[in-house]
Amino acid sequence: AATAVEVITGSVSTVVSGPSGAGKTSLMNAAVIPELERQGYAVIAIRPLARDSLWEALAAALANKDFPVGMDKRGLGEGSPDQRRSEAQLKEDFAGETVQGRVRRLCDCLGAERVAVVVDQSEEILRSDGSRGRTFGWDLEQIPSVRHPEGRPFARVVAVVLTDDR
């Protein structure tokens, strides 16, 4: 797990791959994500559906994320009176923004300037037919391109991928 965290924090994009049942998701949930959080990263994990865009999946995850008390900048965390409206509002906000605006909004919603976006089972969307998979992949690649003035990315990407032949 320490090696995985070191690779993730030293790269803008990382792929965690392995066969079914190898423990990729368990490793991420039990060791890697908690260590990233200990190192000051806000982690948002998604498992996108084939019908979702990256930004729709992120909006849903943000609307459902439990935030620490006092870190509920947009009324999205615990105690949110209308979670669906929050998700719909985020989807609308993301749809009207540039990549830079989307990434900065993601950071603002998480209350952090260091974010890790973890996409579990990313092969499902990337293997999907048509432009949706290509658009999802392109959007995912763009996230680390948004940089702080000193040059480091606001967000890093981790794609968890099944390598079984299908």
Side-chain angles (χ1 to χ4, degrees), residues 1-49 52-68 71 73-74 76-77 90 93-94 97-128 132-165:
T3 301
V5 171
E6 186 177 322
V7 169
I8 292 166
T9 58
S11 306
V12 294
S13 298
T14 306
V15 175
V16 175
S17 64
S20 180
K24 301 172 297 296
T25 300
S26 295
L27 173 70
M28 294 301 297
N29 291 334
V32 174
I33 290 173
E35 181 58 27
L36 287 169
E37 290 172 336
R38 275 192 287 281
Q39 291 187 20
Y41 284 86
V43 179
I44 187 83
I46 60 172
R47 184 176 286 171
L49 302 172
D52 291 339
S53 74
L54 170 64
W55 296 102
E56 289 169 341
L58 286 168
L62 286 167
N64 289 305
K65 186 164 178 62
D66 289 333
F67 291 88
M71 192 186 121
K73 291 188 171 191
R74 292 182 43 84
L76 297 175
L90 272 172
D93 292 345
F94 282 147
E97 294 177 326
T98 64
V99 171
Q100 291 81 8
R102 291 172 177 175
V103 171
R104 288 179 186 254
R105 182 175 303 279
L106 175 65
C107 293
D108 288 347
C109 288
L110 292 168
E113 290 194 354
R114 293 177 13 157
V115 172
V117 176
V118 177
V119 185
D120 196 16
Q121 296 183 0
S122 56
E123 74 281 350
E124 296 296 328
I125 191 81
L126 298 174
R127 289 180 183 167
S128 66
R132 189 172 304 258
R134 287 189 302 274
T135 301
F136 190 99
W138 187 87
D139 284 345
L140 197 59
E141 289 176 13
Q142 297 308 305
I143 288 176
S145 70
V146 182
R147 305 269 176 160
H148 286 274
E150 68 273 13
R152 67 180 169 85
F154 278 98
R156 299 175 189 284
V157 172
V158 182
V160 182
V161 180
L162 173 69
T163 57
D164 289 347
D165 291 329

Verdict with reasoning, Met28 to Asp120, per side-chain contact (heavy atoms from CB on, under 4.5 Å): CA-CA 9 Å; Met28 294 301 297; Asp120 196 16; over 6 Å; no
For Arg147 against Gly151, the heavy-atom pair lying closest together: NH1-O, 2.7 Å
Heavy-atom closest pair, residues Val32 and Ala1: CG2-O, 4.3 Å
Any Arg102 side-chain heavy atom under 4.5 Å of Leu58 side chain: no
Pairwise distance CG(Leu54) to CG(Leu140) - rounded to 0.5 angstrom: 5.5 Å
Interatomic distance, Leu27 atom CG to Ile33 atom CD1 [nearest 0.5 angstrom]: 9.5 Å
Spatial distance of atom CZ (Arg104) from atom OG1 (Thr98) [nearest 0.5 Å]: 9.0 Å
Close side-chain approach of Val12 and Ile143, heavy atoms under 4.5 Å: no
Main-chain N/O of Arg114 paired with Arg152 side-chain donor or acceptor, under 3.5 Å: no
Distance-minimising heavy-atom pair for Ala159 and Ser122: CB-OG, 3.6 Å
Minimum heavy-atom distance Trp55-Phe94, with the two atoms named: O-CD1, 3.5 Å
Pairwise side-chain contact, Thr135 with Asp139, heavy-atom cut-off 4.5 Å (strictly under): yes
Heavy-atom side-chain contact between Phe136 and Val119 under 4.5 Å: yes
Whether Arg156 side chain and Ser11 backbone form a donor-acceptor pair below 3.5 Å: yes
4.5 Å side-chain heavy-atom contact, Lys24 and Leu162: yes
Atom CD of Glu6: over 12 foreign heavy atoms under 6.0 Å: no
Nearest-0.5 Å distance, CG of residue Asp52 to CZ of residue Arg47: 13.0 Å
Spatial distance of atom CG (Asn64) from atom CD1 (Ile46) [nearest 0.5 Å]: 12.5 Å
Donor-acceptor under 3.5 Å (Thr14 side chain, Val158 main chain): no
Heavy-atom pair of closest approach, residues Val43 and Lys65: O-NZ, 3.1 Å
Distance-minimising heavy-atom pair for Val160 and Glu123: O-OE1, 3.7 Å
Validation row: Phe154, Leu106 side chains within 4.5 angstrom (heavy atoms): no
Check: Leu90 and Arg105 side chains under 4.5 Å, non-hydrogen atoms: yes
